[in-house]
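Residues take their numbers from the sequence shown, with the count starting at 1.
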Amino acid sequence: MLYTVIGAVCAYLIGSIPFAIVTSKLFGLQDPRQFGSGNPGATNVLRSGNKTAAALTLVGDALKGWIAVFIAQKYTSLPDVGIAVVALAVFLGHIYSVFLGFKGGKGVATAIGVLIALDATLALSLVGIWLLMAILFRYSSLAAIVAASVAPILYLIMNLQSVHYSNAIFIAILFMSAMLVYKHKTNIEKLLKGTESKIGGKKKDKLATHVAPSTHAKGRKHHK
């Protein structure tokens, strides 16, 4: 139990590292929480126009999910329940980062990193599903929601009759899937209203909505 708690705390701190903020500062970009969706993740960093920073954010967020679980698997004797707790801890660290006032990203990249460590075949299958949905419908959020929704089902199909199946891991995947869908609730509302931004489409900066009414009345234009 003690080692599980220590592993969970370490994993949570690793997950809390906000790579979107780190890479944005390294590249001299605006804080990703101050434009677009306001989400400190790779997709929002991409809206800055810097693809390299966005790619590094994506890799960093996935890597922290993978490394936390990999270390727990490789260098500890934790049972499946302990590994599942570590997996959830690093994932929750990303979406409720202690370094960002217990706020954070939506967790897609970190979840994929976790799944690569837990079940690489499952992770690659879900990436394939995400890519297919993204290509067909051009909605990043829809692709993430669909992939998250099928993750627990796919895990059961691929592992239920296998010696590698674990109730603890299944519950961890189920929890992450539910959280991912929950974190996309705003996107779901936009999808239903038909106002969600498509991949490659023009996106209006949310900060534009905060311009004072008096400024609009004077007809003055503001530029960043």
Practice problem: Determine whether Ile199 and Tyr139 make a side-chain contact, defined as any pair of heavy atoms from C-beta on separated by less than 4.5 Å. | Solution: no

Exercise. Evaluate the side chain to side chain donor-acceptor pair (under 3.5 Å) criterion for residues Gln30 and Ser24: first the C-alpha distance (whole Å), next the side-chain angles of each, then the deciding distance (0.1 Å), finally the verdict.
Key: CA-CA 7 Å; Gln30 186 180 353; Ser24 292; over 6 Å; no

Self-check item: pair Arg33-Asn44: side-chain heavy atoms closer than 4.5 Å
Solution: no

Quiz prompt | Candidate pair Leu122 and Asn159, rule side chain to side chain contact (heavy atoms under 4.5 Å, CB included), full reasoning | solution = CA-CA 10 Å; Leu122 173 64; Asn159 295 284; 5.5 Å; no

Practice problem: Could you state whether Leu13 and Phe102 fall into the same hydrophobic cluster, counting links through intermediate Ile, Leu, Val, Met, Phe, Trp or Tyr residues with side-chain heavy atoms under 4.5 angstrom apart? | Solution: yes

Quiz item: Would a 4.5 Å heavy-atom cut-off, applied to side chains only, mark Leu63 and Trp66 as touching?
Solution: yes

Quiz item: Cation over ring, Lys185 on Tyr182, under 6.0 Å and within 45°?
Solution: yes

Quiz item: Where do Ala20 and Val45 come nearest, in terms of heavy atoms and distance?
Solution: CB-CG2, 3.8 Å

Self-check item: In one Ile/Leu/Val/Met/Phe/Trp/Tyr side-chain cluster, 4.5 Å: Leu160, Leu154
Solution: yes

Quiz prompt | Chi angles and distances behind the side chain to side chain donor-acceptor pair (under 3.5 Å) call for Lys183, Asn39 | solution = CA-CA 10 Å; Lys183 293 292 288 184; Asn39 178 59; over 6 Å; no

Quiz prompt | Verify same cluster id: Leu156, Ile129 (apolar side-chain graph, 4.5 Å) | solution = yes

Practice problem: Examine Leu58 and Leu26 and state if one hydrophobic cluster contains both, with Ile, Leu, Val, Met, Phe, Trp and Tyr joined whenever side-chain heavy atoms are less than 4.5 Å apart. | Solution: no

Self-check item: Spatial distance of atom CD1 (Ile83) from atom CD1 (Ile169) [nearest 0.5 Å]
Solution: 7.0 Å

Quiz item: With a 4.5 Å limit on heavy-atom distance, are the side chains of Thr4 and Val86 in contact?
Solution: no

Quiz item: How many angstroms lie between CG in Leu118 and CZ in Phe70, if you round to the nearest 0.5 Å?
Solution: 12.5 Å

Quiz item: Do Phe137 and Ile135 sit in the same hydrophobic cluster, where Ile, Leu, Val, Met, Phe, Trp and Tyr count as joined when their side-chain heavy atoms come under 4.5 Å apart?
Solution: no

Quiz item: Is it true that the side chains of Lys64 and His94 contain a donor and an acceptor less than 3.5 Å apart?
Solution: yes

Practice problem: Decide side chain to side chain contact (heavy atoms under 4.5 Å, CB included) for Tyr96 and Ser16; before the verdict, give the C-alpha distance in whole Å, the side-chain angles of both, and the deciding distance to 0.1 Å. | Solution: CA-CA 7 Å; Tyr96 298 114; Ser16 289; over 6 Å; no

Exercise. Hey, could you give me the OG/CZ distance between Ser197 and Arg47, rounded to the nearest 0.5 Å?
Key: 6.0 Å

Quiz item: If you round to the nearest 0.5 Å, how far is CD1 of Ile14 from CD1 of Ile71?
Solution: 5.5 Å

Exercise. List the atom of Ala8, the atom of Val85, and the distance in Å for their closest heavy-atom pair.
Key: CB-CG1, 3.8 Å

Quiz item: Which atoms form the tightest heavy-atom contact between Met179 and Ile95, and what is the distance?
Solution: CE-CD1, 3.6 Å

Quiz item: For Thr57, what residues pass the side chain to side chain donor-acceptor pair (under 3.5 Å) criterion, not counting sequence neighbours?
Solution: Thr23

Quiz prompt | Audit row: Asp80, Asn167, side chain to side chain contact (heavy atoms under 4.5 Å, CB included) steps and yes/no | solution = CA-CA 8 Å; Asp80 283 349; Asn167 281 326; over 6 Å; no

Quiz prompt | Atom of Leu126, atom of Ala147 and distance for their closest heavy-atom approach | solution = CD2-O, 3.4 Å

Self-check item: Distance, nearest 0.5 Å, that separates NZ of Lys198 from CG of Leu142
Solution: 10.5 Å

Exercise. Please check if the distance between the ring centroids of Tyr155 and Tyr165 is under 6.0 Å.
Key: yes

Quiz item: Are any non-hydrogen side-chain atoms of Tyr12 and Val90 less than 4.5 angstrom apart?
Solution: no

Quiz item: Considering only heavy atoms from C-beta outward, does the side chain of Phe91 approach that of Leu180 to under 4.5 Å?
Solution: yes

Quiz item: If you measure from NZ on Lys74 to CD1 on Ile67, what distance do you get to the nearest 0.5 Å?
Solution: 13.5 Å

Quiz item: Given side chains that start at C-beta, do those of Pro152 and Phe170 come closer than 4.5 Å, heavy atoms only?
Solution: yes

Exercise. Can you see which heavy atom on Ser177 is nearest to which on Ala151, and at what distance?
Key: OG-CB, 3.6 Å

Self-check item: Shortest non-hydrogen contact from Ala53 toward Asn50
Solution: N-OD1, 2.9 Å

Quiz prompt | Close side-chain approach of Leu115 and Leu124, heavy atoms under 4.5 Å | solution = no

Quiz prompt | From CA spacing to verdict: side chain to side chain contact (heavy atoms under 4.5 Å, CB included), Leu88, Phe175 | solution = CA-CA 8 Å; Leu88 290 177; Phe175 179 84; 3.4 Å; yes

